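In what follows, chains carry the letters A, B, and so on, assigned in the order in which the sequence lines appear, proteins first and then strands, with residues in each chain numbered from 1. On a predicted model such as this, the values are computed, not experimentally measured, just so you know.
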There are 2 protein chains.
Amino acid sequence: MTNPIGIISMFYARPFGPEHLAILPRMKAAGCDFVELLVPEPGELDLGETRRALEANGLGVVLAARVNLTRDLASPDDAAHKAGIAYLETCVETAAALGATIVGGPLYGAPLVFAGRPPTPVSEPDRQRKIDQVVKGLKTAARRAEGEGVVFGIEPLNRFETDIANTTAHGLALAEAVDSPAVGVMLDTFHMNMEDPSIPEAIHRAGRRIIHFQANENNRGFVGSGHIDWPAVARALIAVGYAGPITLEPFRRDGDGPGTPLAQWRAPHRNEDEELAASVAVLKGALRFAEAGR
Amino acid sequence: MTNPIGIISMFYARPFGPEHLAILPRMKAAGCDFVELLVPEPGELDLGETRRALEANGLGVVLAARVNLTRDLASPDDAAHKAGIAYLETCVETAAALGATIVGGPLYGAPLVFAGRPPTPVSEPDRQRKIDQVVKGLKTAARRAEGEGVVFGIEPLNRFETDIANTTAHGLALAEAVDSPAVGVMLDTFHMNMEDPSIPEAIHRAGRRIIHFQANENNRGFVGSGHIDWPAVARALIAVGYAGPITLEPFRRDGDGPGTPLAQWRAPHRNEDEELAASVAVLKGALRFAEAGR
């Protein structure tokens, strides 16, 4: 059992266009088995060309959904809610066209800081309305996914990025309410580090519901450069039988002084392939130890 | 050498008014040595009455400054910048009136998520302008602090709460640029957990510049209920000779389902004095081991 290790496209560029397909061999050379692509917006990538380039480089692909306030299952605006469902259905079609089987992300919508929306109190009826809407929307989208052999991973984000699902328990509660074979959770150690009392315990709790996993350092630096306990994470993943993909998303850039918006996506200052390869090695090594100790 | 342990006023109530002074004996009973008060806005608390109540209960006091976009050293708006300086001077006067010697917080201004301000790219000249303004404003306010025997602790916040100072290194860079005996850093493990590669190493790096410390669990739950390595934090604090106050700020409330705005301050659902006492015990125990092992 060997988990495929991948790298998110925006490690290199955002938006990721046809001109960036030339980067695929660098991903492979760094030890990656797949790329996690942000679901392309219309016109960003030709799906046929992209699929051929992935295959030519021996790389798999996982998709990361992008929500906003205009396509938002949790929105009180019916048009935004419906656009949220339509977007998830588009993601399924894009996955089928690219040969991907996993679509992950904050599928429930309701972005906070990145949408300029401050956290505000919510009444219990309003909270319940939002969750009911999210579950209803996911059920609808899940039917399309089931038909295409695609699975959705609901990703909890930290408290500053959404007010819908922050903890692994929140993600599991949504997945259980949707109750579809095409819906599970996607876990990201960057968010878990902020919201779960124990990352290994959360992985054990999620168990077979884990569809996808993102291995990120506590400060979004390179895996192995911060304080996440990678051997313990690997042991938990192997213990619950997780054999799926693991994506790295090191967005931190080095040498940034005070006044730099660290939360904002920023392009790399320089070629970081060497650090990426070291991160892949750290993670693969931790997984090997975990497998050996099983 | 024994660090005083304190509790933030908004653990119980926000705003914290005269009617809440009756809570002070509960703080003492939970093992606290001081209260960290949000700097009262005009009319929130009578300073003389509050000082007498603190003294009657044998509690010290530390002040937490509250900035916003209208009082913001980093603002391009000159009125907001000047209001930021005036506010810090008011904080010094409030400290003197209450018998406090420490004012901590994100003194540089520039709130993000709580102000509904999304992270956005910044040009290098604009970044430098902001930092120059912050340093200039802090220098002015520091003169008032020096005259009153009060010290400022610049608190780095995580990337979602500000784009001025996120890491311990950012806080130190600002403090070193201000270069006043009345200005150091205030470190909070909640933010450090997200931004510093290693919390103990960051404490070692800050060393004698540490004015104030906040011990918070990774998810803002009770100290001892999450994954922060308290024995290692305590060893680092003792190793650098930090003998100052340590505040707890457990804002997490239990039993919250999906759709709850965890980032939003929320009142306690129930009396949590028992958990607070257990947190104080965890921290005091870790500090005792660290002192014994010195």
Have B/D256 and A/H170 got a donor and an acceptor in their side chains that come within less than 3.5 Å? no
Just how far is it from atom OG1 of B/T260 to atom CD1 of A/I131, taken to the nearest 0.5 Å? 8.0 Å
Trace of the side chain to side chain contact (heavy atoms under 4.5 Å, CB included) decision for A/R159 with B/Q264: CA-CA 9 Å; A/R159 68 190 65 191; B/Q264 176 73 21; over 6 Å; no
Please answer whether the main-chain N or O of B/M194 pairs with a side-chain N or O of A/N193 as donor and acceptor at a distance below 3.5 Å. no
What's the shortest heavy-atom distance between A/P197 and B/N219, and which atoms? CG-ND2, 3.9 Å
Can you tell which part of B/E161 gets under 4.5 Å to a heavy atom of chain A, answering side chain, backbone, both or neither? side chain
Does any heavy atom of chain A fall under 4.5 Å from the side chain of B/R252, the backbone, both, or neither of them? side chain
Could you tell me whether a side-chain N or O of A/R117 sits under 3.5 Å from a main-chain N or O of B/P118, the two making a donor and an acceptor? no
Heavy-atom distance under 4.5 Å to chain A: side chain of B/T162, backbone, both or neither? neither
Nearest 0.5 Å, what's the CG-OG1 distance between A/L262 and B/T167? 7.5 Å
For A/D196 and B/H227, does a side-chain donor sit closer than 3.5 Å to a side-chain acceptor? no
Who wins among B/N158, B/V134, B/D229, B/I228 for the most heavy-atom pairs under 4.5 Å with chain A? B/N158
Examine whether an atom of B/F190 lies under 4.5 Å from a heavy atom of chain A, and if so say whether it belongs to the side chain, the backbone or both; otherwise answer neither. side chain
Pairs of heavy atoms under 4.5 Å with chain B: top-ranked of A/K130, A/E124, A/E195: A/E195
Heavy-atom distances under 4.5 Å only: say whether B/D126 touches chain A with side chain, backbone, both or neither. neither
Between B/D163 and A/G259 (side chain of the first, backbone of the second, donor and acceptor by atom type, cut-off under 3.5 Å), is there such a pair? no
To the nearest 0.5 Å, what is the distance between OG1 on A/T120 and CZ on B/F114? 11.5 Å
Side chain, backbone, both or neither: which part of B/S225 has an atom under 4.5 Å from a heavy atom of chain A? backbone
